[in-house]
Amino acid sequence: MQDLIKQRFYKIIPKVDFCSLRYVAEHSEKLVIRQNVMEPPVTKKDIGVMITVFDQGGAGYAATSDLTESGLRRAVKQAQSWAICSRKQSIVDFSKIAMPQIQGHYQSQVEKPWQTVPITDKIELLQNESKQCKINDKIAAWQASLWSVQTEQLYLTSDGGEISQQHEYLMPEIRVTANQGIETQYRTLGEFTTGRQGGLEVLEQIKFIGKGKQLAEEALQLLAAPNCPAKKLDLLLAPDQMMLQIHESIGHPLELDRIIGDERNYAGTSFVTLDMFGNYQYGSPWLNVSFDPSMTEQLASYGFDDEGLPAKKVFVIREGILETPLGGHISQTRAGLSGVANSRANNWNRPPIDRMANLNVEAGQSSLQEMISSIEAGILMQTNISWSIDDSRNKFQFGCERGQLIENGELTTVVKNPNYRGISATFWRNLSKVGNKDTFQIMGVPYCGKGEPNQVIRVGHASPACVFSNIDVFGGAV
Amino acid sequence: MQDYFYNLADFINSKLQSEEVYLCELIGEQSDFVRFNQGSIRQAGKVEQYYLKIELIKGQYHATGELTLGLATEIDQQRITALLTELREKRSHLPADPYLLYATEKQSTESIGKNQLPDAEEMITDILPTIKNHDFVGIYAAGGMFTGFANSFGQRNWHSSYPFNIDWSIYHNTDKAVKSAYAGFDWKATTFQDKITQSVAQLEILKRKPHTIKPGKYKVYLSPSAVHEILLLLSWNGFGLKAQRTKDSSLLRMLTEPRQNLSTKITLLENTTEGIAPAFQSQGFIKPPQVTFISAGRYDSALVSPRSAKEYQVNTNGGNEEEIPLSFDLLAGQLAVKEVLKTLDTGVYVNNLWYLNYSDRVACRMTGMTRFATFWVENGEIVAPLNVMRFDETLYQLLGDKLVDLTTEREFIMDTDSYERRSNRCANLPGALVEDFTFTL
């Protein structure tokens, strides 16, 4: 199909300053066993292209699933028409934007491709896990699922750029609900946050087998647990909550399109301003954050972004100092700052915008035991369950599935409904310890929402466990 | 488009094998999207997308597939034929589904919208001169939206509409902005201009020195848009039968003895008749005109998908697979909008809430932020814009014990979401005056 698309594109390139075609074919399948009964499995095959035209300062796009030559010609005309309409009315003078012209290829590393394993084996695996969950009458609901996505992308430009990329992702999930009266508690693998690039080998990497029973036991433990106390405590965040903390209070505020105002009507603005890069103390000196598309297992590893920029690792925060915004080629030109290769679209029918992609906290020196031992009065929180942050990405409140108090250097009572709140601009300065490589885990968010028109995209976050001093924590309703 | 879909349905029918049944659904749109920033165009384009979902059934065995249509008959028929072969093969490996339920009684319907939209570029020509001197940021989305259903019993349903939706903010500076929208089916440039004039007038108040309040309890007025955000959070597992039976519902305490109730002023419905979404769903069932969720503060009914109906041995009421409401209707109260400021006296006038989530789901305790034009009010007069505040409150307080009243006038809100496709959700809502509303940060 890609060869056919290529031939057709080169035949229909209009006489304009720049034209590109972005082809995306996505095949996905989700298998769910809910309470030992299979939910209807759905296979999706999505295919289409987006044509983009820059001409005389204007820009326009047109997305279509009609891949015939006439269909592509019609899309070119529609894109041209919008380029003419936006000429001299656009916030960007596209005549001054020189788009990358790159040839390249990228492919996920996959050991056990989804399609090579019979569906019956995958159903059996999920059934076995599901059957382990109902360990008690208080287990009110449970399900185990596997969601596989395979994508093929081709990016062609009128000046000879050609990039092909193939990705395969697996997002496993187990969810257990325990209930007694008016109390319900949950344990999950993290709502698909253990997803990675790869095939079924991901299940071994995340130790999926046996997790159902473990989560059920933990849910029952939470059902009997006291509420999280309301007080100031040192906070030890596990990687499956660090992921969300990084995402909301570093990733989004550093997205360049938010900083220059594109997102103010929907996803929001940022407390970060352009003059902060290079000098702003974002966090304590132990904070090192990288944009890293090179860690092959992560959800947002790729060779090139959707405007053809080659992707490489860049530090965005080093020793606590803010260095680099998360902005792609067009945003970099508009802002006059260097950035990263993160202009991405979630599909053929949405245009690229700045996305955080893989954003990771680098491992530090402390072992988990050293971090726990160092805390006199604190709490360990695991697995995000709730997230809310203001539109400048500053005042936040996050909740976790499970908490465990730390008293005099030891883990003690398990507590339910642990929540904490803070302000991004000061929270990261309270980072007092960063876990070593043994505490480092690869996580991700499959549903990051942003943009007008809206789009959800996969992003990756790898992090060690980290300690934050003197944080406002609290529990659920009494 | 309708004829094309029905022809594809006939084609699927012709490819069925012995004892097979099919259900199929088309969801498509022809959308123009124009993004604005600083009163200029940021991104402009057109999206044409058509997705066909086919469920291939034999007895209690079934498999479902979705594909993209290219609207070229030969290619689409090839794709459908390949998908049917794949589904048949897959179905042979699947266990019987005890919860499979679909409509077998033929109930064909047709709701054909009239396309009154001017050419998109013409509308943009109307919009640009009005906004160019303002820090206007937002999105214009318009064009045809199509939903169709067909099955092997000869049932055919079609719903088309041609709405536009412009959703914008006009900024004074940093996070101080007035939010507004203009949506409908019959574009009038003068109405848009009037709305911009109103937004700009409100912006004057935002130029005053912002007021900051300490965390604590305050009397607040929540505009219909703010109430909408609360209901959108509740729609996430609040009203579906499956969530209720699996103890996952945020309204669990309204369902479990001793029951907690809301204020008797609260009557909340799914009002399909007054909504803009299709009145049919993916398994071919026709939705009733209304489903009452909460009646005079007490829990009444749930949305029931066909699958939940079979699992829990009750009747379906045409709920979608996710059992999420599409057409909220909260009945009006007794407080005239013109009396709101006077009745609020001293407190916070909240035009918008943002990023709501649960801090304790089964207790229905929720948190979120104020956003856009939120004002500090003293002695019935707006004094200053308020710097953003975080709230954390239970539904049983804010629409229960602490609800003073709802407004007599209601606002019809057309959802602006466009994840995967443009939304056809809407809501008809009053504003709410609430005492002792808890701000925490």
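Taking both residues in full, the closest heavy atoms of P453(A) and S418(B) are given as CA-OG, 3.3 Å, listed atom of the first, atom of the second, then distance. Residues R350(A) and Q49(B) share a closest heavy-atom pair of NH1-OE1, 4.4 Å.
For I353(A), the part sitting under 4.5 Å from any heavy atom of chain B is the side chain, from C-beta outward, and nothing else. Only the side chain of Q35(A) comes within contact range of chain B, with heavy atoms under 4.5 Å apart. For chain B, the nearby part of T68(A) is the side chain; its heavy atoms alone come within less than 4.5 Å. Contacts between D390(A) and chain B at a heavy-atom distance below 4.5 Å involve backbone atoms as well as side-chain atoms. Only the backbone of K450(A) comes within less than 4.5 Å of a heavy atom of chain B; no side-chain atom from C-beta onward does. With a 4.5 Å cut-off on non-hydrogen atoms, Q185(A) does not touch chain B at all. Only the backbone of Q455(A) comes within less than 4.5 Å of a heavy atom in chain B; its side chain stays farther off. With a threshold of 4.5 angstrom between heavy atoms, N179(A) approaches chain B through side-chain atoms but not through N, CA, C or O. Both the backbone and the side chain of S386(A) come within less than 4.5 Å of a heavy atom in chain B.
Of the N and O atoms on the side chains of N265(A) and E452(A), at least one donor lies less than 3.5 Å from an acceptor on the other residue. Using a 3.5 Å distance cut-off with no hydrogens or angles, the side chains of E393(B) and T438(B) do pair a donor with an acceptor.
Most heavy-atom pairs under 4.5 Å with chain A: of the set L252(B), D175(B), T394(B), D167(B), this distinction falls to D167(B). Among G368(B), G39(B), P98(B), S359(B), the residue making the largest number of heavy-atom pairs under 4.5 Å with chain A is S359(B). Comparing E420(B), E86(B), M389(B), R422(B) by heavy-atom pairs within less than 4.5 Å of chain A, the highest count is held by E86(B).
In this pair, Y51(B) and W348(A) present their aromatic rings tilted. The plane angle is within the 30 to 60° band.
Residues satisfying the side-chain contact (heavy atoms from CB on, under 4.5 Å) criterion with Q283(B), sequence neighbours excluded, are L23(B), E55(B), Y102(B), Q281(B), F285(B), P306(B).
Ring centroid separation for the pair F136(B) and F36(B) comes in under the 6.0 Å cut-off.
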Give every donor-acceptor pair under 3.5 Å between a side-chain atom in residues 66-74 of chain B and any protein atom, sequence neighbours left out.
from, atom 1, to, atom 2, distance (Å)
T68(B), OG1, K45(A), O, 3.2
T68(B), OG1, D46(A), OD1, 2.9
T68(B), OG1, I47(A), N, 2.9

